[in-house]
Structures are given as C-alpha cells and as structure tokens.
Amino acid sequence: SSDPLLVSNTIATFDNGLVNAGSSWLFNSVANFKNVVQNSGTITVINATANLLAGGTNSGLLTLQNGIINGPLVNPVLGTIRGNGTLTSVMTNSGTINPMGTLTFQSDLLLQPSSTVIIGLYGPSSNDVIAVNGNFKYGGTLDVTNLTGFAYAYGQSFQIFQFTPG
C-alpha cells in the first residue's frame, strides 16, 4: 500500500507491505506485513504489534506508545524512532532514537557514528532509558536534557543505558 493506513482493533495481513509517505496508525492491533515496510512519513504504533516479515526501513518518524516492532528494521540518517515499547530484532541506527520512558531492544543495537540519542531527565530518579538485551555498540551523539529544570546534586548519576550482552 502507498496510501496512509489505519489499522484499529483487529489482526490484519498486508501481502504488499507498506510504502508510507503520509501518516499511518496501528492501534490495539496486530499487523503482519509480508513485504518490506518503507516509511518516509509518520507511523504511530499504539498498544499494537507490527510484524515486519520482510524487514523495514524508517526514514521518517516511527512513534511507539507501548508498541512492538518484530522484524529487522534499519533507521537511516533521516529516521527517528521515539516513544516507549519494544523492537525485537537486530537494529542498525544511523538516525535519531528518542525514548520517552523505556525503549527496549530485545536483540543487538548498533548505533552508527551518525546516530543521535536524545535522553530526557525528569527528576532526581526519573529519566528516559534505552534497554538492550543483546550486544550494544555505541557511536554518535548523546543529547541529555533536563526537561523539568530540577537541581542536580553533586555526584548524582542517571542510568540511561541498560544492557545485557547476548
């Protein structure tokens, strides 16, 4: 499909994959894409699972709100992945990753030199987290922002990456 997609409260299978340049939504659903998913627009996954059976490329905005992405995904320089949820396959990132809460990678996360990771600090014991349950290779830029203006204490630390080598 090359048209924007809305999948809500169902299980759907798409034989032709998805070429998205607009806004597509998956809400309380399971979507199975048998062919490649290519996003240059916006895809929002809310309480839903997208199964990328042939993989995918995100050069737009992919937002997860308790969403799950199954299948290999590449996030090139122009791509942004933000939100909270889980990506289950090896992830190669050259773009931007911006967790909002905890963003979990169930396999390897490879951050290329062009990568940007944006982390928000919300208070003395509250911050965004990237959790990796595989190998973790870090490259690129780390942008950490105090989003609430709280006062830092001397010696205070924040765990922004959690990883367990696979």
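Numbers here simply count residues along the sequence, with the first being 1. What you see is a predicted model; the values in this text were computed from it and never measured. The analysis underlying the following values was restricted to heavy atoms, covering all of them including side chains, and did not include hydrogens, waters or symmetry mates.
Relative ring orientation between F158 and Y152 is described as perpendicular, the plane-to-plane angle rising above 60° on a 0-90° scale split at 30° and 60°. Ring geometry for F14 against F33 counts as parallel: the plane angle stays under 30°, on a 0 to 90° scale with 60° as the upper cut.
Annotation: side chain to side chain donor-acceptor pair (under 3.5 Å) contacts of S59 (sequence neighbours excluded): none. A search for side chain to side chain donor-acceptor pair (under 3.5 Å) contacts involving S115 returns N93, not counting sequence neighbours. Under the salt bridge (charged side-chain N to carboxylate O under 4.0 Å, His left out) criterion, K34 pairs with D15, not counting sequence neighbours. Under the side chain to side chain contact (heavy atoms under 4.5 Å, CB included) criterion, V77 pairs with S94, S114, sequence neighbours left out.
Tested against I81, the residues N75, T96, T63, L61 include a single side-chain contact (heavy atoms from CB on, under 4.5 Å) partner, N75. Exactly one residue among T49, N51, N70 makes a side chain to side chain donor-acceptor pair (under 3.5 Å) with T88. That residue is N70.
I160 and F150 fall within a single hydrophobic cluster, where Ile, Leu, Val, Met, Phe, Trp and Tyr are joined by side-chain heavy atoms under 4.5 Å apart, directly or via other members. When hydrophobic clusters are built by joining Ile, Leu, Val, Met, Phe, Trp and Tyr residues whose side-chain heavy atoms come closer than 4.5 Å, directly or via intermediates, V117 is grouped together with V144. Hydrophobic clustering of Ile, Leu, Val, Met, Phe, Trp and Tyr side chains at less than 4.5 Å, counting indirect connections, keeps I68 apart from V37.
Put simply, the side chain of Y138 gets close to the backbone of T141: a donor and an acceptor are under 3.5 Å apart. Judged purely by atom type and a 3.5 angstrom limit, Q162 has no side-chain atom pairing as donor or acceptor with the backbone of V129. At distances below 3.5 Å, not a single donor-acceptor pair connects side-chain atoms of T57 with backbone N or O atoms of V74. A donor-acceptor contact shorter than 3.5 Å is absent between the side chain of N47 and the backbone of F27. At least one donor-acceptor pair closer than 3.5 Å links the side chain of N20 to the backbone N or O of T42. With hydrogens and angles disregarded, no donor-acceptor distance shorter than 3.5 Å links the side chain of N84 to the backbone of P99. Checking side-chain atoms of S24 against main-chain N and O of L5 turns up a donor-acceptor pair under 3.5 Å.
Scanning both residues, S8 and S29, for their nearest heavy atoms gives C-OG, 3.2 Å. The minimum heavy-atom distance between T102 and A131, with the atom names listed, is CG2-CB, 4.3 Å. For the pair L26 and A50, the tightest heavy-atom approach, listed with the atom from each and the gap, is CD1-CB, 3.6 Å.
Side chains of N35 and N16: no donor on one and acceptor on the other come within 3.5 Å.
Contact annotation: the side chain of I118 never approaches that of D128 to less than 4.5 Å [non-hydrogen atoms, C-beta and beyond]. Taking the side chain as every heavy atom from C-beta outward, L18 and N39 never approach each other to under 4.5 Å. Side-chain contact check for L109 versus I97: some heavy-atom pair is nearer than 4.5 Å. Looking at I130 and F163, their side chains never come closer than 4.5 Å, going by heavy atoms from C-beta outward. Residues L103 and L87 meet the side-chain proximity criterion, which asks for heavy atoms closer than 4.5 Å. Within the 4.5 Å cutoff, the side chain of L62 has heavy atoms near those of the V45 side chain. In this structure, the side chains of F161 and L142 come closer than 4.5 Å at one or more pairs of heavy atoms.
Chaining together hydrophobic side chains whose heavy atoms lie under 4.5 Å apart places V90 alongside L110.
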Practice item. Dump the intermediate steps for side chain to side chain contact (heavy atoms under 4.5 Å, CB included) on L52 and I69, then the final yes or no. Key: CA-CA 7 Å; L52 311 182; I69 304 294; 3.7 Å; yes
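Counting only residues at least two apart or on different chains, no salt bridge (charged side-chain N to carboxylate O under 4.0 Å, His left out) pair has a member in residues 60-79.
If you take OH on Y122 and CG on L147, they are separated by 5.0 Å, rounding to the nearest 0.5 Å. One distance of note links CD of Q159 with OG of S125; it measures 13.0 Å at 0.5 Å rounding.
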